[in-house]
Amino acid sequence: MSAPGFGSRQAFARGLLDEARANPSIYVVTSDARGSASLGEFARALPRQFVEAGIAEQDAVGIGAGLARSGKRVFVVGPACFYSARCVEQVKNDVAYAGLDVKIVGVSGGVSYGALGGTHHSLNDVALYRTVPNLSVIVPSDSAQAELVARHLSRSSGPAYVRMGRFQIPDSYAPGEASFAFGKAGLLRDGTDCAILSCGEALHRALSAAAELSSRGVSCAVLDLPTIKPLDEEAVLRAARLCGAVVTVEEHYARGGLGGAVAELLAERLPTPMRILGFPDSYLPSGSSDELFSHCGLDAEGIAKSVAAFLASLDKAGAP
Amino acid sequence: MTQDELLHLKLLAIELRKKLLTMIVSGGGGHTGGSLSCIDILVSLYFHALRIDPVDPESPGRDRFVMSKGHSAEALFCVLAEAGFFPEAELASYGSFGSRLYGHPTMGVPGVEMPTGALGHGLSIGVGMALAAQRDGVANRCFVLMGDGELAEGSVWEAAMAASHYRLDNLVGIVDNNGLQISGKTGDVMGLSPLAERWSAFGWAVEELDGNDIGGLASALDRLPARTGAPTLILAHTIKGKGVSFMENQASWHHGAPTAQQLGQALRELEAAAAGLRAAV
Ligand SMILES: [Mg+2]
């Protein structure tokens with residue numbers, strides 16, 4: 001596995017540490033994941049605000065809920081594969097049903113762990129958590145945005161699930177222009193033939209695909225939807241109305257994630273031809289994160305190909 | 001505690017048994033046996049040990065109580081109403097559409113700290129609450145009531161480890177050890193023994209007592225923590241269905257509602273027990 005570099009999880013941890021220095025009620029709970037979640041510095045700098053639960057995700061979330069019920073703003077941080085499976089009942093009952101100020105932060109999500117295999121992939125976390133009432137779902141799209149998400153959550157109350165990847169990835173936003181507004185989409189590229197809606201570490205691939213398509217005369221809008229719940233419905237409807245064709249791209253099973261949320265909205269409010277690009281309903285071959293994206297047609301080339309074929313099927317621009 | 005105070009609490013526990021049975025009948029069902037087994041524990045906590053203020057139920061300095069065995073909500077609701085957290089008349093709404101008194105405790109009920117009902121959650125929550133108090137250097141304590149069947153949940157033992165790791169002597173776990181669960185004897189469903197030794201091995205100071213004896217419970221609660229630097233586990237041996245002859249030690253009374261005739265008999269038995277206590281003075 002290649003060196004992780006400075007990815008979203010490091011940026012998130014940096015923002016969180018900075019906020020926690022100023023707010024002693026911010027607590028971090030983790031489960032032997034201070035390394036993988038880049039929390040070593042937090043643990044050293046703010047030991048009173050750091051709780052190690054051991055390899056026990058259910059306990060970590062329960063402890064987080066107890067801390068929150070005693071007035072703390074709690075971030076429970078660890079690998080997304082475990083925090084979206086092992087402790088879902090604790091998240092549902094002790095965090096969301098209780099309405100407590102606990103943020104579940106899953107790092108190294110999606111296929112970040114690559115060849116570590118299916119036990120370590122989290123490709124249904126968005127599907128699970130966006131169906132839990134009272135729980136926001138946020139998937140930051142680059143490291144700068146991840147830091148902004150950490151700062152936003154450090155200053156706002158209530159339950160949330162955040163999912164980030166493991167590696168340094170290309171910035172989707174120009175330097176200094178990253179933004180995050182809770183529940184709001186970001187327009188990264190204007191276009192009229194097709195609206196590509198994406199989030200997380202699929203976004204930079206979607207942007208590359210849009211650039212590639214543009215060179216072939218296909219005009220794609222690209223929207224960043226880091227908040228999957230609540231979805232920025234107006235932005236999605238506007239894009240669908242403008243382009244008349246929608247493609248979603250995400251590091252998640254094609255069913256139940258961002259594409260599912262967008263499809264639910266459009267089916268009811270503005271039926272629009274649509275394709276959902278994501279991982280198939282299966283366990284994946286051994287390979288790096290990049291290799292798995294490519295294998296599943298989710299690299300820039302594969303996305304461009306799918307968009308072009310989709311538009312061709314609609315008799316729209318870009319028909320090969 | 002004086003003998004007068006003890007008598008008062010014993011009579012109160014009988015009165016609350018009558019109330020919870022009446023409530024279960026009017027609501028059309030409830031967790032009868034476990035509510036009856038734990039009521040003496042709740043009375044000892046709410047009317048003797050807990051530092052709480054029903055007028056200010058969210059006071060930051062309050063002791064916390066987490067009803068991890070959330071299915072005994074009927075007992076908890078009767079106790080909370082008696083303590084003044086909400087009007088007693090509201091108990092009649094239990095089981096009716098839109099009532100905030102669900103079959104398990106929820107956040108909407110004054111005095112309820114956490115929504116419980118899925119077993120094995122409460123002790124972790126208690127660890128979090130006790131840890132918050134420890135780190136803040138404040139004196140409030142946290143009490144978590146668990147069922148014995150509940151102890152088969154692995155998460156209980158995750159929390160048990162964390163509590164002793166963090167030396168949470170402001171945390172008190174209480175096991176309502178009535179020996180039964182929905183399918184039968186706990187020992188047949190999933191063996192738990194040796195329970196005291198298991199908690200000890202996890203680093204807890206264990207107090208074993210009769211969980212239907214308010215005097216013994218109260219004095220154990222007066223001696224907390226049982227050991228400095230360790231969480232306390234009160235292994236409270238109880239009788240499921242305690243106080244009603246035909247319900248005692250019957251797994252079949254885990255859930256259900258007595259018939260009108262059964263309720264009548266239960267109330268008569270409880271009134272006779274109260275009369276006996278008064279006569280003995
Ligand atoms: Mg039991």
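In what follows, chains carry the letters A, B, and so on, assigned in the order in which the sequence lines appear, proteins first and then strands, with residues in each chain numbered from 1.
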Members of residues 127-137 of chain A whose heavy atoms come closer than 4.5 Å to chain B
none

Rounded to the nearest 0.5 Å, what separates atom CZ in Arg69(A) from atom CD in Glu113(B)?
4.5 Å

For Lys229(A), I'd like to know if atom NZ has over 12 heavy atoms of other residues, nucleotides or ligands within 6.0 Å.
yes

Which atoms of Glu58(B) come close to chain A, meaning under 4.5 Å heavy atom to heavy atom: side chain ones, backbone ones, both, or neither?
side chain

Residue Val74(A) versus chain B: region with a heavy atom under 4.5 Å
neither

Nearest heavy-atom approach of Arg135(B) to Tyr27(A) is CB-OH, 3.3 Å

Return the option, out of Gly99(A), Gly62(A), Gly54(A), Ala60(A), with the maximum number of heavy-atom pairs under 4.5 Å with chain B.
Gly62(A)

With a 4.5 Å cut-off on heavy-atom pairs, point out which of Ile63(A), Asn93(A), Ile55(A) contacts chain B the most.
Ile63(A)

Ile125(B) side, atom CD1; Asp59(A) side, atom CG - distance, nearest 0.5 Å
10.5 Å

Taking everything shown except Arg151(A) itself, do over 12 heavy atoms lie less than 6.0 Å from its CZ?
yes

If you tally heavy-atom pairs under 4.5 Å between each of Glu57(A), Gln90(A), Gln49(A), Lys72(A) and chain B, the highest tally belongs to Gln90(A)

Phe182(A) atom CZ: more than 12 heavy-atom contacts under 6.0 Å:
yes

Please name the pair of heavy atoms, one in Glu158(B) and one in Ala56(A), separated by the smallest distance, quoted to 0.1 Å.
OE1-CB, 3.3 Å

Rounded to the nearest 0.5 Å, how far does OH of Tyr166(B) lie from CD of Glu52(A)?
6.0 Å

OG (Ser70(A)) and CG (Asp136(B)) are apart, to the nearest 0.5 Å, by 8.0 Å

Measuring from Leu100(A):CG to Met114(B):CE, what's the distance to the nearest 0.5 Å?
5.0 Å

Rounded at 0.5 Å granularity, tell me how far CD in Glu89(A) sits from NE2 in His121(B).
3.5 Å

Is Asp53(B) atom CG crowded by more than 12 heavy atoms from other residues, nucleotides or ligands, each under 6.0 Å away?
yes

Spell out the residues in residues 11-18 of chain A that have some non-hydrogen atom less than 4.5 Å away from a non-hydrogen atom of chain B, in order of number; otherwise answer 'none'.
none

Does any heavy atom of chain A fall under 4.5 Å from the side chain of Val144(B), the backbone, both, or neither of them?
neither

